[in-house]
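So the structure is just underneath, and the comments pick up after that.
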Protein chains: 2
Amino acid sequence: MQQHTETEENYLKAIYHLSNVTISSVNTSSIATSMSTTSASVTDMLKKLAEKELINYEKYKGVKITRKGEKVALNIIRKHRLWEVFLTKVLKFEWDEVHTMAEELEHVSSDELIKRLEAYLDFPKFDPHGDPIPDQSGKLELNDQMSLSSGETGAKYTITGVGEHSSAFLKHLAKYGLKPGITVSIAEIMEFDKSMLVKVNKEKFHLSLEVSKNILVKKYGAI
Amino acid sequence: MQQHTETEENYLKAIYHLSNVTISSVNTSSIATSMSTTSASVTDMLKKLAEKELINYEKYKGVKITRKGEKVALNIIRKHRLWEVFLTKVLKFEWDEVHTMAEELEHVSSDELIKRLEAYLDFPKFDPHGDPIPDQSGKLELNDQMSLSSGETGAKYTITGVGEHSSAFLKHLAKYGLKPGITVSIAEIMEFDKSMLVKVNKEKFHLSLEVSKNILVKKYGAI
DNA sequence: ATATTATTTTAGACAAATCTAAAAATAAAA
DNA sequence: TTTTATTTTTAGATTTGTCTAAAATAATAT
């Protein structure tokens, strides 16, 4: 069952994620960027993945992940997110420091281990960043969230996730105490640069558009 | 800090274990056997480990682990055993099925993760097989246990560990419900083959010398 | 449409860990 | 002390994933 190398799994995960933010097919250089490697290396790997029917690949025409490849990717993502819940909920790590550890743990854990871990954690539906956790068959609950940047002045929102997972961004949010579960209200939206003033328990923060764009929310009370 | 490959770590672990059951230096072929590989591969790796000063190696003369190498080995063993406790105590796996999973987890977990896991598990001193868990500095509590095979007729003993960790042996013991913590009394020792009849809560089992030799115990009440 | 630029692929090399087969060194036996 | 047997090491190949530099293809601009 577990017939893929760690590297193959990482490529599949990257391709899966890129597929969700790409209109047509995923191209070589975007994979190279997200994997911090060269296009030449990516091309080599694409051949291997296509050989295993995990992706559909045509020379010079980019890549589409197959049903089979998607299942593998979702299984890795499932493991990653469950480990993130374990690290924050059980071992009390901060939500902005668990990504790298989960990145390693996701590859070593057997399906059976993960099944038990999931039960032990009481079947969480979302990870600490608000991303949905696929079930054993790969199904995941869609979280119909909006970007804080499209909110209205005076309205109240509860943070449900983030649109950017870099450590730098997460640490930036952590400084303001912003994370999933926290409720904010928009006090003012600046006309000239669309930056906003938000209120969190009496404290006010100024968020640039770049930041508010990547904060995902639901209307307060809509959860 | 974590500058060694997984393979190097596995070799060090094997050499460390072999050192504890070997009078003089560890030879190439015993390492090859315990790693299920060839002597040629072992020789290659020994050069690499010697280069890093993790072992002392002289051509044709075998190997001695250095202080530095021992620290690395003990750190891996620490991780392995703490994960075994987690898998049995928290995820409710059986003691005879956790070895392989721990073998993978031991390499991915950072020292910080393990420190937190250890605290969460309430600083266990022994793993599910009765083997001592090294602390952060590599110190481990010596368990002064004896082999059940050297016990006396009529005496009562509590199982504290095993001298053999193969899955086959552990599953064999599991069939009789024998594991660390269980108390047995020796009903009879057969003269001709040193096999023994032991009593566990009113049930009697016949154990061959091969088996009783690898069951480690303490006198009942001496814990 | 042709020239220029950007992207993608191939070719050839490299490092890690492994293997088989042959050579060298050590240990055991005659 | 030779001879024989065993163990260990070297030599040369293989696999996986990577790289650089060059060639091929596609996209853009004039």
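A note on names: the letters A, B, ... follow the listed sequences, proteins ahead of strands, and every chain is numbered from 1.
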request  = For the pair B:Trp83 and A:Phe86, name the ring-plane relationship: parallel under 30°, tilted 30 to 60°, perpendicular over 60°.
outcome  = tilted

key: Electrostatic pair B:Lys52-B:Glu8, nearest N-O below 4.0 angstrom   = yes

All N/O pairs under 3.5 Å across the protein-nucleotides 20-27 of chain C interface:
residue : atom : partner : partner atom : Å
C:dA25  : O4'  : B:Tyr60 : OH           : 3.4

task = Flag the pair A:Glu164 and A:Lys213 as a salt bridge only when some basic side-chain nitrogen lies within less than 4.0 angstrom of an acidic carboxylate oxygen.
result = no

Electrostatic pair B:Lys47-B:Glu51, nearest N-O below 4.0 angstrom = no

Electrostatic pair B:Glu97:B:Lys171 at N-O distance under 4.0 angstrom = no

ask   = Between A:His99 and A:His165, does the ring centroid distance fall short of 6.0 Å?
value = no

task = Tell me which residues in residues 42-49 of chain A put a heavy atom below 4.0 Å from DNA chain D, sorted by number, or none.
result = A:Asp44, A:Lys48

ask   = Parallel, tilted or perpendicular for A:His172 and A:Phe169, by the 30°/60° rule?
value = parallel

message = Whole angstroms only, please: what is the NE2-C1' distance between B:His107 and C:dA17?
response = 15 Å

Would you tabulate the nitrogen or oxygen pairs shorter than 3.5 Å linking the protein to nucleotides 1-3 of chain D?
none

task = Would you mind classifying the nucleic acid contact of B:Ser29 as base, sugar-phosphate or nothing, using non-hydrogen atoms under 4.0 angstrom?
result = sugar-phosphate

ask   = Where do B:Asn27 and B:Tyr60 land on the side-chain contact (heavy atoms from CB on, under 4.5 Å) test, with the steps shown first?
value = CA-CA 8 Å; B:Asn27 61 353; B:Tyr60 297 101; over 6 Å; no

request  = Check the pair B:Thr66, B:Glu53 against side chain to side chain donor-acceptor pair (under 3.5 Å), reporting the backbone distance first and the verdict last.
outcome  = CA-CA 7 Å; B:Thr66 62; B:Glu53 298 184 324; over 6 Å; no

task = State whether B:Asn27 places a side-chain N or O below 4.0 Å from either non-bridging phosphate oxygen (OP1 or OP2) of D:dT7.
result = no

request  = Could you state the atom-to-atom distance from CD of B:Glu8 to P of C:dA17 in whole Å?
outcome  = 6 Å

ask   = With the threshold set at 4.0 Å, does a side-chain nitrogen-carboxylate oxygen contact exist between A:Glu106 and A:Arg81?
value = no

key: Length of the NZ-C1' vector between B:Lys52 and C:dA16, whole Å   = 11 Å

query = Between atom OH in A:Tyr57 and atom C1' in C:dT10, what is the gap in whole Å?
reply = 10 Å

request  = Report yes if at least one side-chain N or O of B:Thr7 is closer than 4.0 Å to OP1 or OP2 of C:dA16; otherwise report no.
outcome  = no

Sidechain N-carboxylate O distance under 4.0 Å for A:Lys218, A:Asp144 = yes

